[in-house]
Amino acid sequence: DLLLMNANLEYEVFDTSIKSIQDLGIVNHFGLSCPKDLETLKKNIEYLEAIGCKIECVLLEINPENFQKEIIDYCSETNLSIFSTNSFGGWLDSARMISTYTAPYLLNFAALYSDVVILSSRDYFTATIYNAEYLTNLVDKAVENEDIYNLRPYKGDLHIHSFESDGFESPELVAAN
């Protein structure tokens, strides 16, 4: 029951859809994903909260090569949970990132700055296509920071697209399913 919305869109366009989702009670928690900068994030949080849509979390790409410290600090100051994505650098860069930094380092880096770390299976699949060393590099690697095991896991489908982006269903139907 979490809906992550693109943080870079103008939400005036989605007023009706957001209000319908809220009225139906099919989503109880709202977040914004991948804001391009702090100003955009603040503007959309202000707008959405003005129409009764309380933002509770922000999804950020967190890795050593894509790190938005200003947004992370803002989320910490305002008690917004941070969900980390693309810890391995995304589906095109994951093999190079893991070869450069190691998987344990990248996971610990993301865990240090976020409340939840989300891994995409597409990272693993694509990495094996583009870099045969990828799986070999993961063998016998251990997470050195025990705290990563104490993170509370979240089970659910955290990546869904409606026809408002590149999906095929309405936001209401996507949220209902």
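Keep in mind that this is a model prediction, so the values were computed, not measured. Values below: all heavy atoms of this structure, side chains included; hydrogens, waters and symmetry mates excluded.
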Separation between [atom1] of [X] and [atom2] of [Y], rounded to the nearest 0.5 Å:
{"X": "Ser114", "Y": "Ile62", "atom1": "OG", "atom2": "CD1", "result": "4.5 Å"}
{"X": "Leu59", "Y": "Leu32", "atom1": "CG", "atom2": "CG", "result": "10.0 Å"}
{"X": "Ile45", "Y": "Lys54", "atom1": "CD1", "atom2": "NZ", "result": "8.5 Å"}
{"X": "Glu49", "Y": "Asn44", "atom1": "CD", "atom2": "CG", "result": "11.0 Å"}
{"X": "His29", "Y": "Ser81", "atom1": "NE2", "atom2": "OG", "result": "10.5 Å"}
{"X": "Lys42", "Y": "Ile55", "atom1": "NZ", "atom2": "CD1", "result": "15.5 Å"}

Subject >> Check: Phe83 main-chain N/O paired with Asp115 side-chain donor or acceptor under 3.5 Å >> reply: no
Heavy-atom distance under 4.5 Å between the side chains of [X] and [Y], does that happen here?
{"X": "Ile98", "Y": "Thr100", "result": "no"}
{"X": "Ile71", "Y": "Pro35", "result": "yes"}
{"X": "Pro64", "Y": "Leu106", "result": "yes"}
{"X": "Thr85", "Y": "Leu60", "result": "no"}

Going by the rule side chain to side chain donor-acceptor pair (under 3.5 Å), which residues pair with [X] if we only count those two or more places apart in sequence or in a different chain?
{"X": "Glu70", "result": "none"}
{"X": "Glu61", "result": "Asn66, Asn86"}
{"X": "Tyr105", "result": "none"}

**OP:** Please list, chain by chain and in numerical order, all residues satisfying salt bridge (Lys or Arg N to Asp or Glu O under 4.0 Å) with Asp73, sequence neighbours excluded.
**Re:** Lys69
**OP:** Scan residues 28-38 for pairs that pass salt bridge (Lys or Arg N to Asp or Glu O under 4.0 Å), counting only residues two or more places apart or in two chains.
**Re:** none
Subject >> Residue list, side-chain contact (heavy atoms from CB on, under 4.5 Å) with Thr78, at least two apart or on another chain >> reply: Tyr74, Leu80
Original post:
Is the Phe67-Phe109 ring centre distance short of 6.0 angstrom?
Top reply: yes
